[in-house]
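All remarks here apply to the structure that follows.
Start at 1 with the first residue, then count along the sequence.
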Amino acid sequence: MQGQRGVVEVLASLRQQLEKRGSKSIRDLGRTFRALDSFDGNRKVDRQEFTVGLRENGVNLSAQEYSILFDYFDKDRDGTVCFDEFLVGIRGKPNARRQAMVDKAFLKFDRDGNGYIDASDLRGVYNCRFHPKVQSGQMTEDQAFAEFLSSFNDRNRDGKIVKDEWDEYYAAVSSSVDNDDHFVQLMKAAWKLD
């Protein structure tokens with residue numbers, strides 16, 4: 001259809017309009033997202049909250065363009081957009097330097113080179129013994145480990161994290177860190193990387 005803008009153009013327009021309003025840093029984008037989530041405060045926005053919230057924040061798009069953006073941001077297709085999905089959508093994927101650290105960490109865990117990280121790959125590197133809930137007796141080490149795995153959006157709950165899931169998780173982490181050097185140091189410290 002001629003005249004219809006695609007997601008790249010609509011996303012660029014959204015970024016430009018948010019930047020004009022001063023929404024550049026993580027704090028600013030968080031404030032914008034909280035304003036979108038003003039109806040029920042559940043840290044997720046549905047299609048109506050998304051559209052009304054952006055309009056109230058001075059973003060002027062067509063109904064179709066709001067729909068294109070909502071579908072783009074709703075990565076898990078649950079009918080809502082959470083803050084991480086919004087932040088990654090606005091900030092984009094990690095730059096080359098950050099992605100190199102994400103890749104390096106994945107390769108450290110994928111010891112057998114099978115293209116995914118499974119529980120046995122992580123068990124030797126991630127120690128749950130010092131998890132606060134294990135220390136307090138609220139969780140076993142196995143429960144804490146399962147919680148850790150679930151943070152990587154192990155979609156089919158098979159205990160395996162494929163590269164896309166790993167990258168998606170770290171895109172969210174990366175988008176919440178403004179400074180490249182800080183992100184690199186965070187990765188080095190967390191995963192004992194050189």
Side-chain angles (χ1 to χ4, degrees), residues 25-27 29-34 36-46 49-50 73-91 93-94 98-194:
S25 72
I26 301 303
R27 179 178 294 151
L29 290 171
R31 202 175 3 253
T32 298
F33 187 83
R34 282 188 298 280
L36 299 180
D37 188 28
S38 63
F39 293 135
D40 56 20
N42 67 352
R43 299 186 44 85
K44 291 184 169 197
V45 294
D46 62 22
E49 288 173 314
F50 182 80
F73 286 129
D74 184 14
K75 297 295 185 195
D76 62 6
R77 303 291 178 238
D78 68 350
T80 63
V81 174
C82 72
F83 181 64
D84 284 346
E85 290 171 324
F86 180 73
L87 199 55
V88 170
I90 294 293
R91 299 284 300 259
K93 295 188 183 287
R98 291 178 184 218
Q99 188 62 49
M101 293 304 295
V102 171
D103 294 344
K104 191 172 189 177
F106 185 86
L107 292 172
K108 179 177 182 173
F109 286 123
D110 184 18
R111 295 178 189 182
D112 58 9
N114 61 9
Y116 60 86
I117 299 170
D118 62 21
S120 65
D121 292 324
L122 290 173
R123 262 299 185 204
V125 182
Y126 185 75
N127 184 347
C128 299
R129 193 173 335 136
F130 299 108
H131 188 289
K133 290 183 179 179
V134 171
Q135 292 285 308
S136 70
Q138 292 176 289
M139 280 186 175
T140 66
E141 285 186 45
D142 288 340
Q143 290 169 325
F145 186 70
E147 182 181 86
F148 170 71
L149 279 180
S150 71
S151 68
F152 287 95
N153 196 16
D154 179 15
R155 292 181 197 105
N156 54 6
R157 302 188 187 271
D158 63 356
K160 296 177 182 175
I161 302 162
V162 296
K163 183 74 166 66
D164 286 348
E165 292 168 336
W166 182 267
D167 287 348
E168 186 178 297
Y169 173 80
Y170 275 106
V173 172
S174 175
S175 67
S176 67
V177 178
D178 283 326
N179 181 290
D180 285 350
D181 290 333
H182 184 204
F183 180 80
V184 168
Q185 286 307 112
L186 181 141
M187 291 296 291
K188 284 181 175 181
W191 304 122
K192 298 178 181 128
L193 301 172
D194 298 327

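- In terms of the salt bridge (charged side-chain N to carboxylate O under 4.0 Å, His left out) criterion, K133 has no residue partners (sequence neighbours excluded).
- For Q185, the side chain to side chain contact (heavy atoms under 4.5 Å, CB included) test picks out K188, with sequence neighbours left out.
- With sequence neighbours left out, the side chain to side chain contact (heavy atoms under 4.5 Å, CB included) criterion links K44 to N42, D78, T80, C82.
- Among all heavy-atom pairs drawn from T140 and Q143, the shortest one is N-OE1, 2.8 Å.
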query = Would E141 and F145 satisfy side chain to side chain contact (heavy atoms under 4.5 Å, CB included), going step by step from the backbone distance to the final call?
reply = CA-CA 6 Å; E141 285 186 45; F145 186 70; over 6 Å; no

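- Qualifying side chain to side chain contact (heavy atoms under 4.5 Å, CB included) partners for K104, counting only residues two or more places apart in sequence or in other chains: L193, D194.
- For the pair Y169 and D164, the minimum side-chain heavy-atom distance is 4.5 Å or more.
- Between the CZ atom of R77 and the CG atom of D74 there is a distance of 5.5 Å, given to the nearest 0.5 Å.
- In this structure, CG in L186 is found 10.0 Å from OG in S174, a value given to the nearest 0.5 Å.
- Listed by chain and number, the residues in a side chain to side chain contact (heavy atoms under 4.5 Å, CB included) with A144 are C128, H131, V134, M139 (sequence neighbours excluded).
- By the 4.5 Å heavy-atom criterion applied to side chains, K163 and D103 are counted as neighbours.
- Here F106 pairs with W166 under the ring-ring contact (aromatic ring centres under 6.0 Å, His included) rule; sequence neighbours left out.
- Here the side chains of D118 and D110 are not in contact, with every heavy-atom distance at 4.5 Å or above.
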Task: Pair F183-V173, side chain to side chain contact (heavy atoms under 4.5 Å, CB included): steps then yes or no - done: CA-CA 9 Å; F183 180 80; V173 172; 4.0 Å; yes

Residue pair I117, K160: steps toward the side chain to side chain contact (heavy atoms under 4.5 Å, CB included) verdict: CA-CA 5 Å; I117 299 170; K160 296 177 182 175; over 6 Å; no

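- Of the possible polar contacts, one joining the K108 side chain to the W191 backbone as a donor-acceptor pair under 3.5 Å is found.
- Scanning all heavy atoms of the two residues, the minimum distance from P94 to Q99 falls at CG-OE1, 3.8 Å.
- Closest heavy-atom contact between M101 and V184: CG-CG2, 3.9 Å.
- Smallest separation of non-hydrogen atoms from V177 and H182: CG1-ND1, 3.7 Å.
- Aromatic ring orientation, F73 versus F50: perpendicular (interplanar angle above 60°, classes split at 30° and 60°).
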- Message: Evaluate M187 against Y170 for side chain to side chain contact (heavy atoms under 4.5 Å, CB included), listing each step before the verdict.
- Response: CA-CA 10 Å; M187 291 296 291; Y170 275 106; 3.3 Å; yes

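- Proximity of a side-chain donor or acceptor of E85 to a complementary backbone N or O of D76 within less than 3.5 Å is detected.
- Using a 4.5 Å heavy-atom cutoff, the side chains of K75 and V81 are not in contact.
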